[in-house]
Amino acid sequence: MSQELPPLPYDYDALEPSISEQVLTWHHDTHHQGYVNGWNSAEETLAENRESGDFGSSGSAIRNVTHNGCGHILHDLFWQNMGPEGGDEPTGALADRIEEDFGSYDAWKGEFEAAAKNASGWALLVYDSFSNQLRNLVVDKHDQGALWGSHPILALDVWEHSYYYDYGPARGDFIDAFFEVVDWEEPSRRYEQAVEIFE
Amino acid sequence: MTYELPDLPYDYDALEPAIDARIMELHHDKHHQGYVDGANSALEKLQSMREGGDFGDIKGVERNLAFNLSGHVNHTVFWRNMSPDGGGEPGGELADAIEERFGSFDGFKRHFSEAAKGVEGSGWGMLLYDHLGDQMIVGIAENHQNQTPQGTTPLLVLDVWEHAYYLQYENNRGEYVDNFWDVVNWDDVAQRYDDCKGRTIQ
Ligand SMILES: [Fe+2]
Ligand SMILES: [Fe+2]
């Protein structure tokens, strides 16, 4: 199947002042688009190689699937876990589970922020289907630091393209601003889906 | 020893229009300083581990040392690799060695540029001296230290972290890489090549 870039679920200026219209435009239209294109082109290489029987470039194409695929998957979630109406704390079943697995919302948030400061890629809240619990992950690039069987619930992009134009080196300010627009509706949906499948 | 941030060998605006003053200021004063501080703090932690005998977080601290010290090394070389009087082509022995090793100067330039443009995420394009082969190679570092061959010394490095170009070039990394050649200080690269040549490891 061919991957396509979904439109942003809101206007480019909808997350201002947390994320400027300019940054969101570049980020979605060029960076995210690049991962979609990269994924499709790697798939084409793999298909051609399977057809011709010459697998010389397949190893590196599979790596390109991982890099670009993870880029697409995480950006797709990132856009959905923000919104102009966001900025609240989670509610319902996900809120209860965060409290259960991390002790409190503040303890989760402190740990997630530490992950975001440590990463050269992403901070993720995931549902770990092996241990049946929520946990935070530190991700370099889009895929380094993954835990097998984990499903992303909430994603925060800390690549420099995500904030540098708006915040310069002050990544901490960007992380604070992310929490002004975080939208827990999609994370809640993903969490409930994971529980249904794995518990 | 304690690492220290070296002064830039030129003014913040000296590399314009290839790299603008605002980038140079943030890049040197904030980012490079951050790596210097990070490397020193990792060394301090290692010392207290040795003194206290508790090596609990040894892996994390060694990781921080590798990341920050490599950041310090790369930026230190990077600033000296550039000059307002840079550009053009290398001369002398370095020029001959590049031609012999890479076929031609243009062949090298293309190879290095493609490597720099092709870094996945944050990292560096690098011309390295390989002390086992006693020859130059082109490499890529992800972040500052990942996927670089051991036993090599950086001769010419190009920072392609987004902080190195985003404020000026936005998402056009390719244009930034192409303009980098206008400020390359070949005298500095030649000096580094000269220092490395013949220094082999067995
Ligand atoms: Fe991104
Ligand atoms: Fe840098």
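So that the names make sense, note that chain A is the first sequence line, chain B the second, and so on, each numbered from 1.
- Residue A/His67 touches chain B through its side chain alone, counting heavy-atom pairs closer than 4.5 Å.
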### Task
Verify side chain to side chain contact (heavy atoms under 4.5 Å, CB included) between B/Glu162 and A/His31, making sure each step is shown before the conclusion.
CA-CA 12 Å; B/Glu162 287 163 331; A/His31 293 279; 3.6 Å; yes
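- At most 12 non-hydrogen atoms from other residues, nucleotides or ligands lie less than 6.0 angstrom from NZ of B/Lys197.
- If you measure heavy-atom distances from B/His31 to chain A, the contacts under 4.5 Å come from the side chain alone.
- Within the model, atoms CG of B/Asn64 and CG of A/Asn118 stand 7.0 Å from one another, a figure rounded to the nearest 0.5 Å.
- In this structure, A/Glu185 places its CD atom where only 12 or fewer heavy-atom neighbours from other residues, nucleotides or ligands lie under 6.0 Å away.
- No more than 12 heavy-atom neighbours from other residues, nucleotides or ligands sit within 6.0 angstrom of CZ on A/Arg63.
- Counting non-hydrogen atoms of other residues, nucleotides and ligands closer than 6.0 Å to CD of A/Glu4 gives a total of 12 or fewer.
- The distance from atom CD of A/Glu160 to atom OH of B/Tyr165, rounded to the nearest 0.5 Å, is 8.5 Å.
- Note that CG of B/Asn143 and CD of A/Gln144 are 8.0 Å apart. Values are rounded to the nearest 0.5 Å.
- Around CZ of B/Arg80, the count of heavy atoms belonging to other residues, nucleotides or ligands within 6.0 Å does not exceed 12.
- Taken to the nearest 0.5 Å, the CG atom of B/Leu26 stands 4.5 Å off from the OH atom of A/Tyr164.
- By the 6.0 Å contact criterion, CD on A/Glu21 is enclosed, its count of non-hydrogen atoms from other residues, nucleotides or ligands being greater than 12.
- Ring centers of B/Tyr166 and A/Trp26: under 6.0 Å apart, within the cut-off.
- Separating the OG1 atom in A/Thr66 from the CD atom in B/Glu120 is a distance of 9.0 Å, to the nearest 0.5 Å.
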